[in-house]
Amino acid sequence: MFKDRVLRIVASIPSGKTLSYKEVAEAAGSPGAARAVGNIMKGNYNPAIPCHRVIRSDGKLCGYNRGGTEAKRALLEKEKLSQIVGK
DNA sequence: ATAATGACGTGAT
DNA sequence: AATCACGCCATTA
């Protein structure tokens, strides 16, 4: 199912890396299903899926059911910094 | 099976 | 550059 594929791809996102919903959708095999991707996470998010690494194509964030967009942004910043600084 | 929703994207104004 | 509107796809009710 597309959902499973998307989750799998999101789980494959390395730390400090951020993919856009469009990219994920494309990688899942359905380019253009960016909305569907976001919808999938929203309705069926898996604790093992770092969905916070998935952002919009604009580079902005959108939502997060786990603390809000703010927490998501902080998390991304942290991961990015860790990736750059030192691993 | 159909209708409505949404964590999007792109184009136009 | 920012905002509005429209279109798209899969999921869920």
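Heavy-atom basis, side chains included; hydrogens, waters and symmetry copies ignored.
Of the two residues contacting DNA chain B, namely Val37(A) and Asp58(A), the nearest-nucleotide position lying further toward the 5' end is that of Val37(A).
Distances from the side chain of Ala33(A) to the nucleotides dC9(C), dG9(B), dA7(B) place dC9(C) closest. Of the candidate nucleotides dT10(B), dA7(B), dG6(B), dT10(B) has the atom lying nearest to any side-chain atom of Ser57(A). For Ser20(A), whose side chain is taken as the heavy atoms from C-beta onward, the closest listed nucleotide among dG9(B), dT12(C), dT11(C) is dG9(B). Considering only side-chain atoms of Tyr21(A), the nucleotide from dA7(B), dA10(C), dG9(B) that sits closest is dA7(B). The side chain of Asn39(A) has dA10(C) as its nearest neighbour among dA10(C), dG9(B), dA7(B).
Regarding Met41(A), its CE atom lies at a distance of 12 Å from the C1' atom of dC8(B), rounded to whole Å. What separates CG of Asn44(A) from P of dG6(B) is a distance of 16 Å, to the nearest Å. Following rounding to the nearest Å, Lys42(A) (NZ) and dA10(C) (C1') show an atom-to-atom distance of 12 Å. What separates CG of Leu61(A) from C1' of dC8(B) is a distance of 13 Å, to the nearest Å. Between Lys60(A) atom NZ and dA2(C) atom C1' the separation is 8 Å, expressed in whole Å. Put simply, CD1 on Ile40(A) is 13 Å from P on dA7(B), counting in whole angstrom units. Phe2(A) places its CZ atom 8 Å from the P atom of dT11(C), with the value rounded to the nearest Å. Rounded to whole angstrom, the span from the CG atom of Leu19(A) across to the C1' atom of dC8(B) amounts to 15 Å.
Note that NZ of Lys72(A) and SG of Cys62(A) are 4.5 Å apart. Values are rounded to the nearest 0.5 Å.
Nucleic acid contact for Ala36(A): base, since at least one base atom lies under 4.0 Å from a heavy atom of the residue. As judged by a 4.0 angstrom heavy-atom cut-off over every strand, Asn65(A) is placed among the base-contacting residues.
You'll find the side chain of Asp4(A) stays beyond 4.5 Å of the side chain of Arg8(A), heavy atoms only. Using a 4.5 Å cut-off on side-chain heavy atoms (C-beta onward), Ile9(A) and Glu23(A) make no contact. Considering only heavy atoms from C-beta on, His52(A) comes within 4.5 Å of Glu79(A) through its side chain.
For Arg35(A) against dC9(C), a side-chain-to-base donor-acceptor contact under 3.5 Å is absent. Interface remark: the Tyr64(A) side chain does not form any donor-acceptor pair with the dA7(B) base, using a distance-only criterion of under 3.5 Å.
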Just do the side-chain contact (heavy atoms from CB on, under 4.5 Å) check on Val54(A) and Val6(A) with the steps written out, would you? CA-CA 11 Å; Val54(A) 187; Val6(A) 170; over 6 Å; no
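Note on Thr69(A): every side-chain N or O is 4.0 Å or more away from OP1 and OP2 of dA7(B).
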